[in-house]
Structures are given as structure tokens and as C-alpha cells.
Amino acid sequence: MAGMVIIGAGHAAGQAAASLRQEKYEGPITIIGDEPHIPYQRPPLSKQYLSGEQGLDKVYLRPEKFYADKDVTLKLGVTATRIDREAKTVELDNGEAIEYDKLILSTGSRPRMLNIEGSNLNGIHYLRTIADVDAIRGEMAAGKSLVIVGGGYIGLEVASVGVEQGLTVHVLDTNV
Ligand SMILES: Cc1cc2nc3c(=O)[nH]c(=O)nc-3n(C[C@H](O)[C@H](O)[C@H](O)COP(=O)(O)OP(=O)(O)OC[C@H]3O[C@@H](n4cnc5c(N)ncnc54)[C@H](O)[C@@H]3O)c2cc1C
């Protein structure tokens, strides 16, 4: 039995695997994720993880042991590059092909890239992943100036952390 394969190792994937076991699914479950982390929740990234109040243990949906205990295989740091529906396989960028009976796509979303002159300069970050926040945190220091493009929830949460940490914060938004 090839079992259940889940592409994308975010919140949806972690919860899907947990729910399958809770509902007594007994076949193999494999989660494929391109980030090097076990499934995690993103809300703390722009709040307590950015401010340093919470560590990765609070960001991860469940401890790593959960997946071992529930017999869920994690393939992390690899990208699913092709699905062959005839052969029922998922191909990975490391050359592996994984068979599936059922496939779940939980590949989430990505920030819109800012395609303007200068958008590739140093000191410019997007905020979506743990790696993004680690890079941003490394550059946040009292007295520095922080410009945030996008004044939605995430932008304003980051602004709040920036102000608390003594940065001068500017929020740019097209809405007036
Ligand atoms: C900073 C931030 C703060 C947020 N705060 C809130 C909040 O306060 N409240 C709220 O309700 N929501 C919030 N959200 C939104 C919430 O986090 C998302 O709705 C949630 O992450 C969606 O989970 P997901 O598992 O569907 O997708 P994702 O979390 O995007 O996970 C998908 C994963 O799949 C991976 N992937 C994609 N393609 C492939 C591939 N081909 N091969 C392997 N892996 C792949 C991606 O890299 C990613 O790791 C926030 C989001 C962010 C970024």
C-alpha cells in the first residue's frame, strides 16, 4: 500500500496528518515540504517569534516526536517537481519518486513579489517563512529605520514589534 502523500508541510499538512490518524487511517502517510522545518503555524512569525518572545518550539504545530509516534514520514527540504497521475507518483527535486494512493496538495500561498527597480537590493525582505523572520530579526536594532510595504495585518503587526524595539517605522500602503 502506497498510502497518503501530502505535498506542502505547513499547518494544513500537519493537521491533515493528525486528523487522518485521529480518524483511524492506518496506511502510510508521507509529508513532503520544501522548507527544512516540521509543520509550523505562521501567525507567530509576525508577532511573538519576530519579537523574540517565542521560540521555534511554540511555532511548530506539534513536536517532532508526534510524527514519529504517529508513523508519519517527513521528507523536508525537498520540492515536489512533478506529479505522474498514471503511475501515481510524485517526483522530488532530489531525484526520488514517491508512490501514492491518495494525494493531498497543501502548498499554501506566497507573497506577491515587488517587481520594481531596486527590489533586489540588500536589506529587503519578504515575510512568509521562519527563514525570512530569522533574516529580518538579524537586522532589527533600536535606532534603525524600518520601511514596511503593505499595511495589512502582517505589515501592522511587524510595525508594532518594530516600534516596541525602538526602530523608526514607516508603513507604505496604496489605501488612503
Ligand atoms: C506572517 C504571517 C502571519 C499570519 N497571521 C495569521 C493570523 O494571525 N491569523 C490567521 O488566521 N492567519 C494568519 N496567517 C495566514 C496563515 O498562516 C495561513 O493561512 C496558513 O499558513 C496556511 O497554511 P497552509 O498549510 O495552507 O499553507 P502554508 O503555511 O503556506 O504551507 C505550505 C507549505 O508548502 C510548501 N510548498 C509549496 N509548494 C511545494 C512543493 N512543490 N514541494 C514541497 N513543498 C511545497 C511551502 O513552502 C510551505 O512550506 C499568517 C500568515 C503569515 C505569513
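Sequence positions, counted from 1, serve as the residue numbers for this chain. What's counted below: heavy atoms across the whole structure, side chains too, no hydrogens, waters or symmetry copies. Both counts, for ligands and for their atoms, begin at 1 and track the order of listing.
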Donor-acceptor contact below 3.5 Å, side chain Tyr126 vs main chain Leu114: yes

For Tyr100, all residues meeting ring pair (Phe, Tyr, Trp, His ring centres under 6.0 Å), sequence neighbours excluded: none

Short N-O contact, Asp69 and Lys65, less than 4.0 angstrom: yes

Lys70: side-chain contact (heavy atoms from CB on, under 4.5 Å) partners, not counting sequence neighbours: Arg21, Phe66, Val72

Connected-component partners of Ile124 among ILVMFWY, side-chain separation under 4.5 Å: Leu121

Exercise answer, ligand 1 polar atom pairs (N/O) under 3.5 angstrom:
from, atom 1, to, atom 2, distance (Å)
ligand 1, 5 (N), Lys47, NZ, 3.4
ligand 1, 8 (O), Lys47, NZ, 2.9
ligand 1, 25 (O), His11, N, 3.1
ligand 1, 25 (O), Ala12, N, 2.9
ligand 1, 29 (O), Arg42, NE, 2.6
ligand 1, 29 (O), Arg42, NH2, 3.3
ligand 1, 30 (O), Arg128, NH2, 2.7
ligand 1, 31 (O), Arg42, NH2, 3.4
ligand 1, 41 (N), Ala80, O, 3.1
ligand 1, 42 (N), Ala80, N, 3.0
ligand 1, 44 (N), Asp34, N, 3.1
ligand 1, 47 (O), Asp34, OD1, 2.5
ligand 1, 47 (O), Asp34, OD2, 3.3
ligand 1, 49 (O), Glu35, OE2, 2.6
ligand 1, 49 (O), Arg42, NH2, 3.2

Tyr60-Arg62 side chain donor-acceptor pair, cut-off 3.5 Å: no

